[in-house]
Amino acid sequence: MNFAKTLTALSKILSILCCLFMVSCQNSSQQKPVGSAPATVLTDGTGDGGGGNGAGGRVYDAYTVDPTQLDAFRKHLAPLFKESPETAASKNSWNWKAFFKLKVWYVAPVKLKPLAKESLGLSFTDDNTQQLAIQTPKAIWIDSGYFEKMNSEDQAQLILHEFVMSIYFLKFKKMSELCEVGQKVSDVKSRNPCSTLMDELFVPTPEAPLKPDDNDNIRNMTGWLWRHREAFGQDDVSLQFLLNGFDQRFFGNFINSSKHEDNPEPVPASILTDLLEEALLLNRGPTECLGVDLKDKADCSMKLEAGKISNGYGQNSLEGRRIQIQLADKSLLAETNVFNVQKLYPSKMTDLVTKDELVMIPLSSGAVQNPKKGDKARYAFVIAKETKVGNDTKLKFFALISIPQVITKINKVDSAFVCSADRPRATNLNEDIIIATTPDVNTTYLRWLAKAMIIGGVPCYSY
């Protein structure tokens, strides 16, 4: 493998996490040290009167280092973290360097309290362990007395071990916490506040002191990376992280992600209408409607009508299907159209909770005629599930998502109208995001997906 032409698998993973607001370090306001006893330098505070603390006649601040600039890193670890030309050239790309900023690194003359051998998985030995380094929620402390006596390879392995441990600790953090600190350590600037939308979907591992298995996992992963630091494949390293108990939210969803299409090919509208008709014929259409924000549920059904439908522009009508979601009393909850001549652009995705392979087909309710501020519209997405039938893959109806919009601004550009819109705060089911499906469907991922979608406007026109 030519490593210079391929992202290091770890670097790829970390960059993708950043794009998904998954990058960061420990939140100092809420996290306690996980699986580590505090260093002796941390047990004696400055006292009520304040003042500076240090060792060797220097304040502790003077012992901070950038581990990526140490000779041991440059000599032995640089191949592991080498960036591709594309990543290096991108001004808005998050890269592996941000992950060394998750914590402050110290190489200082401090005597660290040894951790219990039982928690380290070393109870089988009578030897006294040497505490070379220790991690707290915000810092990594390395005993310079040991570090400076090591050769460069041993120093590099210690740096890698501490880096891997800091990645292991990410499994205990909420996604919103990771996002907040990630924005601080990255060079990518964002004015958008970190959302808590992903906290429910990407649930962290309950925080607890590290056990022997945890420390074994960290040592095993560090050893694997060290042995394969010159070259390895993307899926190889992701699988190793998974096998060693690292965060499934990150590494589990990265394996084989390349199979999904970046530029989906258009398909005829009949693909969708056949899918919906089959669902109704087999009594597999939606029977329950969930309001995502209010969490209301109501019995509902889907109705599919064929005929001539206005295309939303002028008096022209086209052959197509009207898709309606009705409540039990037959009142209309959501409506959208699909025309026979229409081309649809499905996109593939993986349900991050159930691991089902899904296909999303976007639709529209049509253009708003003679728009005015306050007019309402809805965008709809049909979600299908890929199922194996013999050697073939077939799509089955899974859900319909309908997202409300309210026109907030109307601009005229040349002879056309541009209508800006936004999602209203729901006060009842008719104003809410609707997921129409069957009660047995796990909607966790769909609820997150629907709330994460950003729709900036609706089509509109005027005579």
Evaluate ring-ring contact (aromatic ring centres under 6.0 Å, His included) for W141 paired with Y60, printing each intermediate quantity in order.
CA-CA 10 Å; W141 291 83; Y60 290 128; 5.4 Å; yes
Worksheet item: So, E277 and R321, do they make that salt bridge, N to O below 4.0 Å?
Response: yes
Heavy atoms of F397 and A279 approach each other most closely as CB-CB, 3.7 Å
Practice prompt. Using a 4.5 Å cut-off on heavy atoms from C-beta on, say whether the side chain of M302 contacts that of P286.
Written response: yes
- Residue pair K343 / V267, side-chain heavy-atom distance below 4.5 Å: no
Heavy atoms of A269 and V338 approach each other most closely as CB-CG2, 3.7 Å
After noting the C-alpha distance and the side-chain angles of I401 and I434, does the key distance pass the side chain to side chain contact (heavy atoms under 4.5 Å, CB included) rule? CA-CA 6 Å; I401 300 174; I434 303 299; over 6 Å; no
Rounded to the nearest 0.5 Å, the CZ atom of F381 sits from the CG atom of L446 at a distance of 12.5 Å
Quick check on N340: does its CG atom have over 12 non-hydrogen neighbours (other residues, nucleotides or ligands) under 6.0 Å away? yes
Shortest non-hydrogen pair, L225 vs V164, comes out as CD1-CG2, 3.8 Å
dist F163:CZ -> K103:NZ (nearest 0.5 Å) comes out at 12.0 Å
The reported gap from CG in D213 to CD1 in I218 (rounded to nearest 0.5 angstrom) is 11.0 Å
Taken to the nearest 0.5 Å, the spacing of C289 SG from K297 NZ works out to 11.5 Å
Please determine whether a side-chain nitrogen of the Lys or Arg among R425 and D293 lies less than 4.0 Å from a carboxylate oxygen of the Asp or Glu.
no
* To do: Measure the shortest side-chain to side-chain distance between I403 and R423 over non-hydrogen atoms and say whether it is less than 4.5 angstrom.
  => yes
Taken to the nearest 0.5 Å, the spacing of T336 OG1 from L400 CG works out to 7.5 Å
*What's the verdict on salt bridge (charged side-chain N to carboxylate O under 4.0 Å, His left out) for K174 and E207, showing C-alpha distance, side-chain angles and the deciding distance?*
CA-CA 11 Å; K174 293 180 181 179; E207 188 172 324; over 6 Å; no
**Message:** Measuring centre to centre across the rings, with the benzene-like ring taken for any Trp, is Y106 within less than 6.0 Å of Y63?
**Reply:** no
**Item:** Worked check of salt bridge (charged side-chain N to carboxylate O under 4.0 Å, His left out) between K308 and E319
**Value:** CA-CA 4 Å; K308 285 187 175 292; E319 293 290 339; 3.6 Å; yes
Any chance the side chains of E162 and Q135 put a donor and an acceptor closer than 3.5 Å?
yes
**Asked** Any side-chain heavy-atom pair from I410 and I407 closer than 4.5 angstrom?
**Response** yes
Between R378 (side chain only) and S402 (backbone N and O only), is there a donor and an acceptor less than 3.5 Å apart? yes
Heavy-atom side-chain contact between R229 and P79 under 4.5 Å = no
Nearest heavy-atom contact between C460 and V418 is SG-C, 4.1 Å
ask   = Should K451 and V292 count as side-chain neighbours, where that means a heavy-atom distance under 4.5 Å?
value = yes
Item to complete: List the steps, then state whether side chain to side chain contact (heavy atoms under 4.5 Å, CB included) holds for H161 with W226.
Response: CA-CA 9 Å; H161 176 89; W226 177 258; over 6 Å; no
**Study point:** Greater than 12 external heavy atoms within 6.0 Å of K171's NZ
**Key:** yes
| message | A side-chain contact here means heavy atoms from C-beta on lying under 4.5 Å apart; do F398 and T437 qualify? | response | no
Output for pair (Q405 CD, S420 OG), nearest 0.5 Å, gives 10.5 Å
Requested in this report: Would you check, one step at a time, whether the test side chain to side chain contact (heavy atoms under 4.5 Å, CB included) holds for D351 with L449?
Outcome: CA-CA 10 Å; D351 187 316; L449 179 67; over 6 Å; no
Residues M360 and I383: closest non-hydrogen pair is CG-CD1, 3.5 Å
Under the 3.5 angstrom rule, does the side chain of R284 hit a backbone N or O of E278 as a donor-acceptor pair? no
**Asked** Is it true that a side-chain atom of N428 and a backbone atom of E431 form a donor plus acceptor pair closer than 3.5 Å?
**Response** yes
Inset, instruction - May I ask you to decide whether E357 forms a salt bridge with K348, counting only side-chain N to carboxylate O separations under 4.0 Å? - result: no
Can a salt bridge be assigned to the pair K372 and D375 using a cut-off of 4.0 Å between side-chain N and carboxylate O?
yes
Report task. Evaluate the side chain to side chain contact (heavy atoms under 4.5 Å, CB included) criterion for residues E386 and L358: first the C-alpha distance (whole Å), next the side-chain angles of each, then the deciding distance (0.1 Å), finally the verdict. Result -> CA-CA 6 Å; E386 287 188 343; L358 305 178; over 6 Å; no
Would you say the ring centroid of F241 lies under 6.0 angstrom from that of Y168? no
Side-chain contact test, heavy atoms from C-beta onward, threshold under 4.5 Å: evaluate it for C419 versus V368 and give yes or no. no
In terms of heavy-atom contacts, L363 and Y379 come closest through O-CD2, 3.6 Å
